[in-house]
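Below: the structure, in structure tokens.
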Amino acid sequence: MKISERFIQELLEKVDIEQVVSPYVNLKRRGKTLVGLCPFHNEKTPSFTVYPESHSFYCFGCGAGGDVISFVRRMENLDYVEAVKSVAQLAGVSMPEDGYDDSLSKQRMRLLGANREAARFFNACLFEPENRHALDYFLNRGLTVNTIRRFGLGYAPDDWWRLINHLREKGYTEQELVLANLARRSDKNGKANYYDNFRNRVMFPIIDLRGNVIAFGGRVMDDSKPKYINTSDTPVYKKSNGVFALNFAKNANDNKLILVEGYMDVIALHQAGFTNAVACLGTAFTSEQANLLSRYADEIMICYDNDGAGKQATERALAVLGKTGLKLRVVQMTGGKDADEIIRKHGKERFADLLSEAANKTEYRLLEERAKYNLSTDDGKLRFLMSAAQILASCGSIEQDIYANRLSNELGVGVDSIKAQIKASASKLRRAEEARRREETQKMLSKSCEDKNNPERAGNIRAAIAEETLIASFMRNPDFYNKLKDKVSAEIFVTSFNRRVFECLAEGLDGGFEPSLSLFSASFTPSEMDSIARISLKKETLGNTLSECEDCIRVLKECSESTAVDAAAVSDEEFLKLFKKK
């Protein structure tokens, strides 16, 4: 059962969508709307728009849209009921005691509870006398007991069933533990066997922004493989969204985040006073992680390991973070392979110096390119300057002037020659960009009739436009629906998606509810809400006349009759009538 629509509409009257969205998006007022950089895709020009009057949002860049509940579902990866609970909590409204199915919410809470108990168990095991070798691992890495307790570090015993047995006593089932990836299942001789996922590893709990333990990382204490075992994706955790220690770092005051590779790097930096350090989880840096970081910082200091893999990771991070508009700097990790080693060997003062000497994106790429060539030779200088020109071609004119003069002084090459090469590279880059844009425009034009949620739209564009106009008209003016409800029904809708939308709208209007996007959010996925939000925006460009709606009904009847009739299923007389009618 879904939550009462009456409750939802009362909730929306009390919630401020700007208050809900602002922690994720830096919004600026533009007339009656608010705009900002979209949290769902990378962009440099704001196209994400919030409509406070209708408690809705829409991104004109990627097409994401919906109501305030859809927004929370997307941002926090929640189901519908959990999202409603979250919005209600922000608005200070109590949830109804019945009238909805909270099975998914209960499952999520059970998994979070199991993770919390597991974290307590691992932490307790770390301080058991027989596990002293695990505690010594952390102490020998320079961590204090206070730091260990602050991050909730622990130890998974070298036992196949100890965690399972402990959590069974707490009331959790084997199936729940497998779902949380705390346990694994094997089937032998037709019998299910369960065993602990983490064994003989020091444990790092991963905590979300709400303080929930959502996953774990387990590390061996020797050179055995695999070095790490990490929680797989579960109903409460998605590693492509994960950022370790952001729950602490988000409170940093300078709007800067230090991005490092591993758990120990983060923890060592926090202990040394750099409490804005974080690490992204998963094997590759993702746009979701970049967007998450951009909500809590204006500048990112990238401090990846000083090896080949670390340099490759730095380039990937620069490429992804470069689309967010954040200020980026790269720290040259000299004196150690990573932040943890540099602090242990040279102290926190040395690391602070490295931060102050961090290169911006352009400087870093020039330094990396310079290292590839022998600049004592003319050939080395020429090849480096050709590469440098390509790097500077995408920079602004002032930045180009600064670096062209710097390179001229360093290498003894005329500044005019360097600028001419930059100009040629910029022209080539511009032509390539124009070609890419033309290609994208052609793709957009070819897909202008398509809708990811309504695949029938492209083949029935006339009917689909009529359907969408009718839905938008009824949302703008419910009186039109009341006057025309005897003339229109779901049966005349040609595309099945729009038919579902109309049925949901009609049910809400017949129930006396306001025609807002909240009517749909319980019955449609956040992705489907994108299309409904797009349709809803048509309200502002309609003729808003009864005759417009009647024209749409006429078009739909014509289209439904022409597409829905199977000639083989009608009599000769009926077929003749149909033919004459056409």
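Basis for what follows: all heavy atoms, side chains included, without hydrogens, waters or symmetry-related copies.
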So for atom [atom1], which belongs to [X], do other residues, nucleotides or ligands contribute more than 12 heavy atoms lying within a distance under 6.0 Å?
X: Lys361; atom1: NZ; value: yes
X: Gln19; atom1: CD; value: yes
X: Arg30; atom1: CZ; value: no

For the residue pair [X] and [Y], what are the closest heavy atoms and their distance?
X: Gln289; Y: Ser240; result: CG-O, 3.1 Å
X: Ile300; Y: Ala297; result: CD1-CB, 4.2 Å
X: Gly217; Y: Ile206; result: N-CD1, 4.3 Å
X: Ile535; Y: Ala472; result: O-CB, 3.5 Å
X: Arg73; Y: Ser521; result: NH1-O, 3.5 Å
X: Val243; Y: Leu281; result: N-CD1, 4.2 Å

Any salt bridge linking [X] with [Y]? Criterion: basic side-chain nitrogen under 4.0 Å from a carboxylate oxygen.
X: Arg108; Y: Asp79; answer: no
X: Glu315; Y: Arg365; answer: yes
X: Glu550; Y: Arg554; answer: no

(request) Apply side-chain contact (heavy atoms from CB on, under 4.5 Å) to Leu37 and Val25, showing your working. (result) CA-CA 7 Å; Leu37 295 174; Val25 182; 5.5 Å; no

Gap separating the [atom1] atom of [X] from the [atom2] atom of [Y], nearest 0.5 angstrom:
X: Asn477; Y: Cys549; atom1: CG; atom2: SG; answer: 8.0 Å
X: Phe71; Y: Phe57; atom1: CZ; atom2: CZ; answer: 6.5 Å
X: Asn77; Y: Glu288; atom1: CG; atom2: CD; answer: 10.5 Å
X: Phe524; Y: Met529; atom1: CZ; atom2: CE; answer: 8.5 Å
X: Leu209; Y: Leu292; atom1: CG; atom2: CG; answer: 6.0 Å
X: Arg110; Y: Tyr172; atom1: CZ; atom2: OH; answer: 5.5 Å

Can a donor-acceptor pair be found, under 3.5 Å and without considering hydrogens, that links the side chain of [X] to the backbone of [Y]?
X: Gln9; Y: Glu514; answer: yes
X: His270; Y: Ala277; answer: yes
X: Arg329; Y: Met301; answer: no
X: Asn26; Y: Gly36; answer: no
X: Asp451; Y: Asn453; answer: yes
X: Glu176; Y: Thr173; answer: yes
X: Asp530; Y: Gly65; answer: yes
X: Asn460; Y: Glu456; answer: yes

(message) Go through it in stages, so that I can follow the logic: the residues are Glu76 and Ser86, the test is side chain to side chain donor-acceptor pair (under 3.5 Å), and I'd like the CA-CA distance, side-chain angles, deciding distance and then a yes or no.
(response) CA-CA 10 Å; Glu76 298 294 339; Ser86 179; over 6 Å; no

(message) One pair to check against side chain to side chain donor-acceptor pair (under 3.5 Å): Glu43 and Ser47. What are the steps and the verdict?
(response) CA-CA 8 Å; Glu43 62 177 5; Ser47 57; 2.4 Å; yes

(message) Looking at Phe40, I'd like to know if the NZ or CZ of Arg74 sits under 6.0 Å from its six-membered ring centre while staying within 45 degrees of the ring's axis.
(response) yes

(message) Run Phe151 and Phe248 through ring-ring contact (aromatic ring centres under 6.0 Å, His included) and show every step you take.
(response) CA-CA 10 Å; Phe151 280 87; Phe248 295 131; 5.1 Å; yes

Answer yes if the side chains of [X] and [Y] hold a donor-acceptor pair under 3.5 Å, and no otherwise.
X: Tyr237; Y: Asn115; result: no
X: Ser56; Y: Asp67; result: no
X: Ser527; Y: Thr525; result: no
X: Glu548; Y: Thr469; result: no

(request) Test Ser489 against every option in Lys485, Lys487, Glu491 by the side chain to side chain donor-acceptor pair (under 3.5 Å) rule and name the one that passes. (result) Glu491

(request) Please name the residue in the list Glu467, Arg457, Glu503 that meets the side chain to side chain donor-acceptor pair (under 3.5 Å) test with Asn498. (result) Glu467

Using side-chain heavy atoms (C-beta onward) and a distance below 4.5 Å, is [X] in contact with [Y]?
X: Met475; Y: Leu517; result: yes
X: Asn482; Y: Phe474; result: no
X: Arg185; Y: Gln175; result: no
X: Ile471; Y: Ile532; result: no
X: Lys85; Y: Val81; result: yes
X: Val330; Y: Leu318; result: yes

(request) Would you sort out whether Tyr296 and Val278 count as a side-chain contact (heavy atoms from CB on, under 4.5 Å), showing the intermediate values? (result) CA-CA 12 Å; Tyr296 297 97; Val278 297; over 6 Å; no

(message) Checking Tyr58 against Leu537 for the side-chain contact (heavy atoms from CB on, under 4.5 Å) test, could you report, in this order, the C-alpha distance in whole Å, the side-chain angles of both residues, the deciding distance, and whether it holds?
(response) CA-CA 9 Å; Tyr58 189 77; Leu537 285 174; 3.3 Å; yes

(message) Between Thr362 and Glu399, is the side-chain contact (heavy atoms from CB on, under 4.5 Å) condition met? List the steps.
(response) CA-CA 9 Å; Thr362 302; Glu399 197 172 6; 2.8 Å; yes

(request) Could you check Thr231 against Asn181 for side chain to side chain donor-acceptor pair (under 3.5 Å), going step by step and ending with a plain yes or no? (result) CA-CA 6 Å; Thr231 300; Asn181 204 217; 4.8 Å; no

(request) For the pair Glu10 and Lys14, evaluate salt bridge (charged side-chain N to carboxylate O under 4.0 Å, His left out) and give the outcome as yes or no after the intermediate values. (result) CA-CA 7 Å; Glu10 290 174 357; Lys14 298 178 181 179; 5.9 Å; no

(request) Please assess Asn197 against Arg184 for the test side chain to side chain donor-acceptor pair (under 3.5 Å), listing each intermediate value before the final yes or no. (result) CA-CA 6 Å; Asn197 186 28; Arg184 294 189 179 187; 2.6 Å; yes

(message) Tell me which one of Val50, Leu27, Ile17 satisfies side-chain contact (heavy atoms from CB on, under 4.5 Å) with Ser22.
(response)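 Among the candidates, only Leu27 passes.
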
(request) Starting from the C-alpha separation in whole Å, work towards a yes-or-no answer on ring-ring contact (aromatic ring centres under 6.0 Å, His included) for Tyr263 and Tyr228. (result) CA-CA 11 Å; Tyr263 303 120; Tyr228 280 98; 5.7 Å; yes

